[in-house]
Amino acid sequence: MGSIRIVFTCLVLASGVSVFFFFPAAEKERVKAFTLPRLADGIVEATSAKSELAAIILSRQEKRKFLISSYCKKTKSSPVLLPTGSLLNHLIVDNKHKILYCYIPKIACTTWKKIMTQLLGIKNNRSVHSQHFPLLGSYSKSKVRYILDNYYKFMFVRDPFERLLSAYKDKFTRQSDYVSKKYSKKIQWTVRERLGSSASVLADKQEIKFSDFILYLIDVNSKGGRYNEHWQHYDNLCHPCKIKYNFIGHYETLEEDARFVLHHTGVDRFVSFPPVRFTSTKDKLAQYYSKLPRTDLLQLQRIYQRDFEMFGYNKIFMGSQ
């Protein structure tokens with residue numbers, strides 16, 4: 001096997017700290033062909049024209065990964081004991097391009113699934129949410145370990161409260177699918193159970209209020225129940241304490257992060273991430289959460305504390321008295 005020539009690169013961050021990186025020569029040449037800098041686990045090829053963006057991306061990734069690492073150390077979550085089987089069924093495997101994507105509903109997962117469908121060469125008329133993707137949980141333990149050690153792994157997260165509101169609006173204000181039908185009944189029963197006979201009229205209505213949805217989440221948690229994937233905890237879906245992700249994307253920087261992931265994995269020659277059009281959900285957070293009873297909001301914050309802490313989001317709503 002021929003030797004690989006190594007190129008030595010230095011990036012000087014805004015803070016004045018110099019960060020040094022090694023690159024195979026062939027890799028460096030490939031970087032120049034793209035419009036974004038190329039990163040590999042926080043490794044940046046920076047030119048004078050790209051250094052500012054490269055520094056921003058590097059800084060974000062270092063911070064995001066540090067937060068995860070700190071949380072995992074604090075909670076003493078062992079990376080040795082990997083989840084198995086169905087616990088890994090949110091990780092889509094692309095063997096051809098050596099990509100592993102962990103999808104979390106309500107965080108651009110429809111768009112990402114469409115991209116994965118293209119990369120996997122899946123051609124049918126099914127909805128992307130009905131596709132039979134190759135999932136990590138279907139592989140043997142040895143193959144799972146090989147994939148985790150050798151594939152490019154990425155996931156995207158979002159402000160936990162914004163995601164909950166997005167899930168509520170999608171599933172309970174539109175009555176769109178089986179999720180809304182199944183969980184509307186569960187939520188109605190939870191409200192009736194908490195409020196007693198006075199809730200009998202409410203329980204027969206079709207409308208599910210946001211406060212009803214939150215009450216249901218609190219009730220399920222108190223009883224040790226399992227959440228639906230649309231409001232399940234991030235670590236229960238993607239296991240960031242067990243799996244060392246190459247890239248942690250945020251919904252707030254979706255377009256930039258998505259372009260970077262496609263660029264780094266080399267698949268931007270085949271697919272592209274469409275322009276991002278953010279909804280009004282973020283602007284309506286205070287409108288919805290400020291009306292919740294303070295006790296319910298505090299319980300909800302405690303329930304999703306790990307999602308806030310692990311990914312650097314702040315809890316800002318106090319709720320009503």
Side-chain angles (χ1 to χ4, degrees), residues 23-24 26-47 49-61 64 90-136 147 150-159 162-163 166 170 237-238 245-282:
F23 284 91
E27 187 81 347
K28 183 179 179 183
E29 292 305 312
R30 183 165 179 252
V31 168
K32 295 179 180 178
F34 292 94
T35 57
L36 283 176
R38 186 177 179 84
L39 264 166
D41 292 322
I43 300 176
V44 179
E45 154 60 24
T47 64
K50 301 173 182 176
S51 59
E52 184 177 353
L53 178 57
I56 291 173
I57 295 176
L58 172 61
S59 177
R60 283 178 188 160
Q61 285 303 298
R64 292 170 186 177
H90 272 75
L91 291 105
I92 300 175
V93 181
D94 177 359
N95 289 305
K96 180 178 180 180
H97 304 100
K98 292 194 171 183
I99 295 173
L100 187 67
Y101 162 56
C102 184
Y103 71 90
I104 300 178
K106 307 314 300 176
I107 310 180
C109 84
T110 298
T111 302
W112 276 116
K113 283 183 175 181
K114 288 179 180 178
I115 288 175
M116 295 302 292
T117 298
Q118 291 177 268
L119 292 177
L120 291 165
I122 298 175
K123 298 179 180 179
N124 57 51
N125 295 322
R126 289 181 180 174
S127 160
V128 291
H129 300 301
S130 300
Q131 294 290 356
H132 297 298
F133 288 107
L135 303 175
L136 189 61
I147 291 173
N150 294 279
Y151 285 26
Y152 186 85
K153 303 167 290 295
F154 72 96
M155 61 179 287
F156 275 75
V157 295
R158 181 182 190 178
D159 180 291
E162 185 179 338
R163 177 176 175 246
S166 178
D170 182 43
L237 297 177
C238 295
Y245 285 88
N246 300 84
F247 195 87
I248 307 296
H250 278 210
Y251 186 76
E252 295 75 17
T253 52
L254 175 59
E255 189 160 4
E256 208 169 74
D257 288 353
R259 287 180 61 207
F260 169 75
V261 168
L262 298 180
H263 159 72
H264 174 68
T265 54
V267 299
D268 52 352
R269 295 169 291 174
F270 316 115
V271 294
S272 62
F273 203 88
V276 176
R277 297 179 179 85
F278 291 108
T279 65
S280 62
T281 301
K282 185 175 182 179

Which residues satisfy the side chain to side chain donor-acceptor pair (under 3.5 Å) test with [X], sequence neighbours excluded?
{"X": "N124", "answer": "Q131"}
{"X": "R277", "answer": "none"}
{"X": "Y251", "answer": "none"}
{"X": "D257", "answer": "R64, T253"}

Side-chain heavy atoms of [X] within contact of [Y], under 4.5 Å:
{"X": "L120", "Y": "I92", "value": "yes"}
{"X": "H264", "Y": "Y152", "value": "yes"}
{"X": "E255", "Y": "F273", "value": "no"}
{"X": "M155", "Y": "H90", "value": "no"}
{"X": "L136", "Y": "K153", "value": "no"}
{"X": "H97", "Y": "F270", "value": "yes"}

Quick check for you: to the nearest 0.5 Å, what is the distance between [X] atom [atom1] and [Y] atom [atom2]?
{"X": "I147", "Y": "I99", "atom1": "CD1", "atom2": "CD1", "value": "12.5 Å"}
{"X": "N125", "Y": "S130", "atom1": "CG", "atom2": "OG", "value": "12.0 Å"}
{"X": "L119", "Y": "T265", "atom1": "CG", "atom2": "OG1", "value": "7.5 Å"}
{"X": "S59", "Y": "Q61", "atom1": "OG", "atom2": "CD", "value": "10.0 Å"}
{"X": "L262", "Y": "R269", "atom1": "CG", "atom2": "CZ", "value": "12.0 Å"}
{"X": "R60", "Y": "F260", "atom1": "CZ", "atom2": "CZ", "value": "11.0 Å"}

Kindly write out the residues that satisfy salt bridge (Lys or Arg N to Asp or Glu O under 4.0 Å) with K106, not counting sequence neighbours, or none if the list is empty.
D170
Any pair counted as side chain to side chain donor-acceptor pair (under 3.5 Å), so long as it reaches residues 111-120, sequence neighbours left out
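Of all non-adjacent pairs touching residues 111-120, those that pass side chain to side chain donor-acceptor pair (under 3.5 Å) are K113-H129.
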Which pair of non-hydrogen atoms, one from [X] and one from [Y], has the smallest distance, and what is that distance?
{"X": "R158", "Y": "I107", "value": "N-CD1, 3.6 Å"}
{"X": "F156", "Y": "H250", "value": "CD2-N, 3.8 Å"}
{"X": "Y245", "Y": "C102", "value": "OH-CB, 3.5 Å"}
{"X": "P105", "Y": "L237", "value": "CD-CD1, 4.2 Å"}

Looking just at side-chain N and O atoms, do Y151 and D94 make a donor-acceptor pair shorter than 3.5 Å?
no
Determine whether a donor-acceptor pair (N or O, by modelled atom type, separation under 3.5 Å) exists between the side chain of R259 and the backbone of D268.
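No, R259 side chain to D268 backbone: no donor-acceptor pair under 3.5 Å.
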Please step through side-chain contact (heavy atoms from CB on, under 4.5 Å) for the pair V267 and I115, ending with a clear verdict.
CA-CA 10 Å; V267 299; I115 288 175; 5.9 Å; no
For Y101 and F154, I'd like to know if the aromatic rings sit close, meaning centre-to-centre distance below 6.0 Å.
yes
